[in-house]
Structures are given as structure tokens and as C-alpha cells.
Amino acid sequence: MRIELVKRAEHSQTMTVVSPLIAIALTLVCGSILFAAMGYNPVEALYAYFIEPLTTSWSIEELLVKAGPLILIAVGLSVCFLSNSWNIGAEGQFTMGAVAGSVIPVLFYDYTGVMALPLMIVMGVLGGMAWASIPAFLKVRFGTNEILTSLMLVYIAQYILDFLVRGPWRDPDGFNFPESRLFDAAHVLPKIGEGRLHIGMIFAVIAVLAVWWMLSRTLKGFEIKVMGETPRAGRFAGFSSKGVIWFGFLVSGGLAGLAGMAEVSGSIEQLTPVISPGYGFTAIIVAFLGRLNPVGILFAGLLLGLSYIGGEAAQVSLGLTDKITRVFQGMLLFFVLACDTLILYKFKVVSNAKRIKEAANV
Amino acid sequence: MENTQRSAHSAGVEDLIEARGITKKFGDILANDNVDLVIKQGEIHALLGENGAGKSTLVKILYGALEPGAGEILWKGKPVSISNPAAARKLGVGMVFQHFSLFEALSVVENIALALPKGEKIEALSRRITEVSQKYGLPLDPAALVADLPVGIRQRIEIVRCLLQNPSLIIMDEPTSVLTPQEADQLFITLQRLASEGCAILYISHRLEEVKRICHNATIMRHGQVVGSCDPTEETPASLARMMVGGEVHEICASEHKGSPGDVMLKLRNLSIPSDGAFGIELKNVNLNLRGGEIVAVAGVAGNGQSELFDAVSGETLIKDGYGVEICGVPVGKRKINDRRLLGSAFVPEERLGHGAVPGFVLSDNILLTRYKSDPDLIRRGMLNQSLAAEMEKRITVSYDVRMSHDNPEARSLSGGNLQKFVVGRELDRVPKLLVINQPTWGVDAGAAALIRQAIIDLARNGSAVLVISQDLDEIYELADRIAVISRGELSEAEPAAAMTPEKIGLLMAGMGETRSKVTASNAGDVHAH
């Protein structure tokens, strides 16, 4: 018996939707095996990980807090990935957005006017864009590999943040802890409801709608998709490859920067050496799990947000290591990429017996 | 000599290879349906069929590159299983591919050594190459770098590589599609010599004249089945074509070119572009005037600057001298492709999928690809007008007979001929004043080719100018009012088609028209042999 991969004539519409679901199912199966191997009852562990967090309103709210930045970053990345630019450095752009967005609350903390928050938002976006423009420039001008440059810039951004909170931006009244001063109330994003949820989630929803509209309805979106799939045909259509690279990096950098600013201003309310549990990297998984479609990304963001909350919950209730979150995210990415094959290919099982029979009949 | 050979084939010669009931499915498509084929020792056997008839599938099965779904192969009367190309070579089956499998950065002898069993010293192999290549009139310099060699010589490398393995059967897939007429004549002499020595040749071709000229037997395939076999010497090209297509091939009616030519629509003036990269071709001082109402064809062997010329005219390559290219009287050398489209020109590139169309996009999106600028209604304030694109898709697929499994499919799901009809129809639908088309019917079935050629002629007869770049001489003679030949980046003067005999075109293809090379007609046949 043999299994063949047969190319389909066209993309399968069904598989576009079903393939991420198969990937999720495979992740759960492998996760169960993993739990069993570690000596836990897989059903209990999966319940603690994925279901229990959804039973309390507190943790649902926390889920949205985590999903917000993931969705915001992933929507930007989808534009970049669709245009065939591989910005792996959203974590760095997130960090620099947070730093730039904190200039007013840390250095000009006396300014508490109505324009403070809008200015912080603009600066956060610009900070992320500025950081993303470095790999974009290097790629356009020198043809460097943007995967490497954008990834390396993540670590530089994190050291810049570390340097600032331990040095010039350290809170003078903070007992030498490596933290900036707490943000003034005028520099904190408005909350939704009673808990920690802030309007960053609304930014995410707006970004989803805006990018969906751009990709599906406008010439710019058409250009991005053409250049991503076949640059040669794109040149024939009169599109500029350099323009598309810049556009992809600026959009993804800007949205990552906005997410970073919203995280420090909405959730942490000060700068600390570590401001992200790897949102910029997890967002890559979100983008692919959502099939680079903004609406899909909305759901994928919620699921990956759940993997963070579930990881914390399982740590508390079962004593599992928090590394398990990373393992789950990694498995999910592998399966998503593997299942993508099914969109353009299908399996065909050819049995030996059948082949021999066919041969004999003729 | 030919006659004695032929009589030898008619009776009493042993069957070399026989395929019985070969069946192969790809998905739902039956590429080979119960195919039988017998090749005798020492015969040149033609395998004829339109694109997609299943020729390549059958050949790949014989060469061990594909496994048959059902059926058996007999070699000299005994059943054999050819599970991979190495097994085929061991039996004595050699293949010369249409697209060469050579490393450009290696020398001739190194390329050949790679395909042979290990252990032979390079010097010894070089001597053998020289020996064999001389014997069959295919002179080769074993030390030459492949990258420096013209296509005709590269094909010789493939043939010699095959011969060194002492094959009993050589399979040749469209061997003359890349050759000048003179190079093809040379090849035919070699093939006849091989056949007279008892080697069988399976010869796959579209070119019916050739088949009639050199083949002893022909098997004709259509839609995956064998539909007939014949002695091609007793058929006419028209009767062979009828068998291939399964009906009368639509006659092209080239109504006489009437009236005086119109204004100059395309003017190339001293167009020179340095080559990009090691294997690119430099365009040298290209001049051309193309007037409304006429079709000028650029003939030439592949890789002599055709795509560079196309890119320069279309604006995918911009040039420093704005006056190097003029479209409808406007110097456009520095203007981008959409500016040129707005002046009334349209372009159809050689590669349909990946250049002329995006494979994963539906047809209506592929209409947007080239027409979003020239049809202002397609874009309203930066937004796509998808319903208009869908209307245009219906109109074009109907008027150019694009056959699809369902409405508005992805471009990649169309067959070559149907996609080409779509890509050509998309541009002709605009009624351009200037059409530049590279390889209009390359790899397209006869029915689609006839439709496309007729559409090109009709466009020109209604006053537009057409520049056709093609490697197919039959097509060029069918279409062109004037013919120019491109060779190593230089374009010969465009002369009336009637004055351009195939011999003259062949000489120009071989470099006779190049200003810098000092070759005389007497050694024309050896031009590529140095």
C-alpha cells in the first residue's frame, strides 16, 4: 500500500477552513500523549488547560487581555507575510513601540492634557514603524535576508528597553528596582468594565476590520497578494516590489508598535525589563493559524490567548511547568503548516492488491 | 539508402520494445488509456499528438520516470519492469529531453561523466566523446563550458551522452523545437545513420513535415488513447494533422494585406541594453519600425534576446534613452508598463502562468492584473470593481472559447491552450493599437493555436500593429507580413515575408546578420561547431 499526494486543480475552499481545525485536533491528540507520558491523566490535564479557564468571567477577561496584542500584531504580520516579506521581528517592534509610547509618561509625566494619550498612540505606532523600517531598508537597498535582520533586531530592542529601565528611565522613587515610574492616570488607556480589560482590544477589532477591507476590496490589497504570489506577474501589472516591501513592514511594524504601547499603557502601567511573554513570536502562529485572513486571525488570537491562560492555570492546578505553553504553541505551528498542504493537495491511497488486480484485468 | 532501410522495416525485423495496455491516471484524468505501442529495431518511430494527448506520460513510463497504473512492457519479447531511469538505461533505453538537464557551470565532459557509471578517467572519457561525436557527425569540444554553448550544441551533448551508453532505443522529445533549420538537417542525418545501424528512435514531434521526412512509422495519440498508426511517408501533413486533431483543422484565412500601411506604432531606435547577469543576453543596437495594419515577426532560436526585447518594449525593463522605444509616437523608454498600456499598447508574455497570469487567482482577478489602469472603471477611488471584472471575464471566455470546468476558475486549473486563449483574449478585448506577443502558441493545441492566430490577423487587418516573437517558423510564415531575425541580441532588418526563405532565416539565426561576427555563407553549417 502506498499513499500519494495528488495536486488539486484549484485551492480547496473546504480545506481552507478545515485544515486549521485538523491542525488543532492533531495538537490536542499529541498534547494528550505528552501529558500521559508525563504521568498525568490527559483528559484532566486538557480540561484544566483548555476548558477550565473558560468557566470564570475573570479568566475570560484575562483571555481577551492576552488575545488583544496577539490579534493586533498578527493582523499586521498577515499583510507582510501575504506580500512575501518575512518579518519575524514583531517582538522587537512591539518593544520599541512600548518604549516610544512611554516617552510622555516617563519623561514628560507632568503633561496630562487631553492630547497625551493620542500622542502616545501615535508615538507607539511610529516607534514600531521605525524599528521595522530597518530590515525593510536593508532588504530593499542591499537585498539582505529580512528574516535574519528582523529577528536580530528583537534582541537589540530588548537590550535597549533593559538599559532604559535600569538606567536613565529608572523610577527615582523606586528603591532601585529596574522599573520606570508608574504612569499617571492620564497616561493609562481607558478600561472596559471593572477588571484589567482595556480598549487595546478595540484597537485589535478595528485593525481586523480595516485590514480585511483593504485586502479584499482595494487595489492596494490586490497588489499585496499579487506581489506575494508571483512577483513576475506583479511587475507585469506595473506594481513595484520595493513599495510592497516597505508597505508590509510599515503596517506590521506600526501595528506591533501600537500593541506594545497598549500593553504598557493599558495593562502594566509602567515599563519593566520584560513586557511581553513572547507576543511577537506567538503572533506568527496566530497569523498562520488564521490563514493570513484577518477574520481567521481574530479566532486564532483567542485560541492562542487561551494557551497562555491555560498554561498558567495548569501550572497552578496540576503543577505543570509553564514551558508546556511553548510546546503547545510549537506543535500547533508545525501542524498548521503541515495541514496547509491539504489545501492544494489531496491524499490518495493506492493499495498493492488493487494495482495488481488492475494490471491483471487489462 | 532510405529506401533500402524502409524495406527492411516492413518485414521480419524483431520487435524491440512493446507496450501493452498501458494505463495511467492522474487524479480523475486518464492520461494513458490502454495504450499499445510497438517499436521495431532500427526504425524511426514517430509519436504524434496534440499537447495533453498523453505522449509525455507514455514516454516517461517507457523511460521509468513514471510507473504505469496498469499494463506491461516487453523488451525483445520478454516482460520487463522499468522501475526507474537507471533500469531503463541498463536495458538500453536512452532519452534526450526537450528541456536539457545540463549544469551550465560545468564542462561538457563533466556533465557527461555525471550520467555515466563511476570509474572512468576524465581524459579517457574525453577521448571517447571526441570519437563518438565525430563518428556521428556531432562535433563536440569536451572541455568547453556548457554556459558558453548555443542550444544546438547543448542538445548534441545530450545526444552524445545517450550514445555513449550504447542504447538500442533513443527517445527524443521535440528535438528540433530549439534548432535552426540547418541544425535540424544535421540532426536528421545523424538519426538516419543511427537507425541504419539498428538503433531504434522514438521521435516525438508536432512538426508534421519532419515526421513525414524522416520517420518510418507513426503512432498517433489523442486524449490518452492511440487513435491510429500509419506510414507517414504515404500521408500528407494535412492528413496527419486531421488524425491528431480528430477533425479538420480550422484553416487560417489571411486576407490579403490591403491598402497602404498606417502610422508607425512602434519604433525602436538604436535600442541597446547591457545583459543582466552571466546568462542574460545583451541587446545590441536594435532598430525596427512597425506600422499600423502590419504584422512583423521576430524569428530566432530560444535564448537569443527575445525575452530581453519583450521586456524592453513592454516597460518591464526601463532604459536610459527615452527615445530608444517609441509607442504611437511617444518616447517611452523611461515610462512604466502601465503608461505604455495607456498609449494603446498591449502585451502577452511568453510564460502564461507566473508572468501573464497569477496561478492561484481566479480569472476575473487576472483580468484586473493587466487592465486596472487601462480600464478606469475597474478601480473606483482605490476600490476594486469586482462585478465589472466578472462581467469582462464572462465576455472574454465566451468570445475566445475558453473552456473551463466551472465559471471563473483559478488560472492554474486551465489547460495551456485555454489559458493562452484567455491571456490573449484579455488583451485583444481592449482592441489595442499595438500588440506585442511573445510565443503566441507555444505548447498550445492546434485548435487553440488556429483561433489565436486568426485573432491576431484580424486585429492587424483592422489597423493595429502586431509584433510577434516566435520560434515556430510555420507560425511566422502564417502570420507575418515582414520577418526579422534575432541572433545573440542583434535584430536583422525586417524584410517582406515573401523574400525570406527558410534558408535565409536559418542563416540569419546562425548569426549571418550579426554585424560583428565575420562568418561567410560557405561555413555557415559550422558556425556553432567551433
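Here is the naming used below: chain letters follow the sequence lines, and residue numbers restart at 1 for every chain. All values reported here derive from a predicted model rather than from experimental measurement.
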With no hydrogens and no angle check, do the side chains of A/Q329 and A/T282 hold a donor and an acceptor under 3.5 Å apart? yes
Among A/H11, A/E223, A/E4, A/R235, the residue with the most heavy-atom pairs under 4.5 Å to chain B is A/H11
Whatever's closer than 4.5 Å to a heavy atom in chain A on B/L384 counts as both
* Asked: Between B/E308 and B/I281, is there a donor-acceptor pair closer than 3.5 Å when you use the side chain of the first and the backbone of the second?
  -> yes
**Study point:** A/F81 and A/F288: CA distance, side-chain angles, deciding distance, ring pair (Phe, Tyr, Trp, His ring centres under 6.0 Å) verdict
**Key:** CA-CA 9 Å; A/F81 293 163; A/F288 279 105; 5.3 Å; yes
To the nearest 0.5 Å, atom OG of A/S133 lies from atom CZ of A/F249 at 10.0 Å
Whatever's closer than 4.5 Å to a heavy atom in chain A on B/Q386 counts as side chain
Rounding to 0.5 Å, atoms CD1 (B/I367) and CZ (B/F422) come to a distance of 4.5 Å
Okay, B/R371 and chain A: the region with an atom under 4.5 Å from a heavy atom over there is neither
Of the listed B/E72, B/R341, B/E351, B/R380, the one with the largest count of heavy-atom pairs under 4.5 Å with chain A is B/R341
For residues 211-219 of chain A against chain B, heavy atoms under 4.5 Å, the residues are A/W213, A/S216, A/R217, A/T218, A/L219
In this structure, CG of B/L414 is separated from CG of B/N366 (nearest 0.5 Å) by 9.5 Å
Bottom line for B/D339: the part with an atom under 4.5 Å from chain A's heavy atoms is neither
To the nearest 0.5 Å, atom CZ of A/R291 lies from atom CD1 of A/I297 at 10.5 Å
Salt-bridge criterion met for A/R232 and B/D311 (N-O under 4.0 Å): yes
The interface call for A/E229 against chain B, heavy-atom contacts under 4.5 Å, is side chain
Bottom line for B/L369: the part with an atom under 4.5 Å from chain A's heavy atoms is both
So, the part of B/L368 with a heavy atom under 4.5 Å from chain A: the answer is both
Q | Stepwise side chain to side chain donor-acceptor pair (under 3.5 Å) check, B/S364 with B/N408 | A | CA-CA 7 Å; B/S364 61; B/N408 208 10; 3.0 Å; yes
- request: Report yes if the distance between the aromatic ring centroids of A/F236 and B/F347 is under 6.0 Å, otherwise no.
  value: no
